[in-house]
Amino acid sequence: MNYKVLLVDDEPLTLEGLKLIVDWENLGYGISGECSDGEEAISVMTKISPDVVITDIQMPLVDGLQLIKLGKELNPSTKFIGIGGYDEFEYARRALQFGGKHFILKPIFS
């Protein structure tokens, strides 16, 4: 059985890159959804209960830090990975405080 992954980013090229850069299926994961903001992601999370959420930190409506916090309340077993173009430690620290497991700096692809 594949683990369900939800990708969340307001940049379409980043979403596409995340799908292509990893051989998800070979690793036992499947992309179960894609969202362009945190508000949409919360709605999708209630429907699909993803195992992993990879989220941008700065997005409209509900940002990635809020998504991690709300998402952990919805489903404490969901793992979160934050991504962002902010190399300040504070963003990574807050993502981890809210229950995130990792923080990856953009640009991810070079």
Side-chain angles (χ1 to χ4, degrees):
M1 182 171 120
N2 282 352
Y3 292 104
K4 295 181 281 187
V5 177
L6 176 63
L7 303 177
V8 186
D9 199 303
D10 60 332
E11 297 176 20
L13 289 176
T14 300
L15 284 175
E16 193 61 31
L18 286 169
K19 289 189 301 187
L20 297 174
I21 196 168
V22 176
D23 185 358
W24 296 102
E25 194 170 307
N26 191 42
L27 295 172
Y29 293 83
I31 305 299
S32 296
E34 300 172 37
C35 301
S36 60
D37 63 65
E39 187 174 79
E40 179 186 10
I42 291 292
S43 175
V44 170
M45 285 182 69
T46 62
K47 295 173 187 156
I48 68 169
S49 297
D51 299 293
V52 178
V53 175
I54 301 175
T55 182
D56 188 11
I57 294 301
Q58 185 172 352
M59 297 181 294
L61 304 178
V62 174
D63 69 25
L65 293 176
Q66 292 170 309
L67 174 59
I68 293 169
K69 185 176 180 183
L70 294 170
K72 290 305 274 184
E73 291 171 7
L74 277 175
N75 187 353
S77 65
T78 298
K79 307 296 185 226
F80 288 85
I81 299 171
I83 57 175
Y86 305 98
D87 55 359
E88 297 177 22
F89 178 73
E90 182 60 22
Y91 287 99
R93 186 183 68 76
R94 287 186 61 206
L96 297 174
Q97 266 184 332
F98 291 152
K101 290 294 179 189
H102 301 283
F103 188 86
I104 302 168
L105 292 176
K106 287 183 180 180
I108 298 169
F109 322 105
S110 44

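These numbers were taken from a predicted model, which means no experiment stands behind them.
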Q: Of the options V53, T14, V52, I54, which is the one that meets L7 in a side chain to side chain contact (heavy atoms under 4.5 Å, CB included)?
A: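 Looking at V53, T14, V52, I54, the match for L7 under the side chain to side chain contact (heavy atoms under 4.5 Å, CB included) is I54.
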Q: Grab the two heavy atoms, one from V8 and one from A41, that are nearest each other, plus how far apart they are.
A: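 That would be CG2-CB, 3.7 Å.
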Q: L61 and L67: same hydrophobic cluster, using ILVMFWY side-chain contacts below 4.5 Å?
A: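 In one cluster: no.
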Q: For the residue pair L6 and C35, what are the closest heavy atoms and their distance?
A: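 Looks like CD1-SG, 3.8 Å.
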Q: Output the distance between atom CG (D9) and atom CD (E16), rounded to the nearest 0.5 Å.
A: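 One gets 12.0 Å once the value is rounded to the nearest 0.5 Å.
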Q: Of all heavy-atom pairs between I48 and K4, which one has the smallest distance, and what is that distance?
A: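 So the two residues come closest at O-NZ, 2.6 Å.
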Q: Taking all non-hydrogen atoms of both residues, which atom of G84 and which atom of D56 are closest, and how far apart?
A: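 In this case the closest contact between G84 and D56 is CA-OD1, 4.0 Å.
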Q: Taking the inter-plane angle between the rings of Y29 and Y3 on a 0 to 90° scale, is it parallel (under 30°), tilted (30 to 60°) or perpendicular (over 60°)?
A: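 Correct class here is tilted.
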Q: Using a 3.5 Å distance criterion without hydrogens, assess whether the side chain of K72 forms a donor-acceptor pair with backbone atoms of T78.
A: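 Checked: pair present.
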Q: CZ of F80 to CG of N75: how many Å apart, nearest 0.5 Å?
A: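 Here the interatomic distance stands at 8.0 Å.
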Q: NZ of K79 to CG of D51: how many Å apart, nearest 0.5 Å?
A: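 One finds 9.0 Å between NZ of K79 and CG of D51.
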Q: Pair I57, D63 - check side chain to side chain contact (heavy atoms under 4.5 Å, CB included), show working.
A: CA-CA 6 Å; I57 294 301; D63 69 25; 5.7 Å; no
Q: Between D37 and E40, what is the shortest heavy-atom contact and its length?
A: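 D37 and E40 have their closest heavy atoms at OD1-N, 2.7 Å.
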Q: Evaluate V44 against K47 for side chain to side chain contact (heavy atoms under 4.5 Å, CB included), listing each step before the verdict.
A: CA-CA 5 Å; V44 170; K47 295 173 187 156; 5.6 Å; no
Q: Check the pair L18, E34 against side chain to side chain contact (heavy atoms under 4.5 Å, CB included), reporting the backbone distance first and the verdict last.
A: CA-CA 10 Å; L18 286 169; E34 300 172 37; over 6 Å; no
Q: Under a single-linkage definition using a 4.5 Å side-chain heavy-atom cutoff for Ile, Leu, Val, Met, Phe, Trp and Tyr, are L20 and L15 assigned to the same hydrophobic cluster?
A: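 Different hydrophobic clusters.
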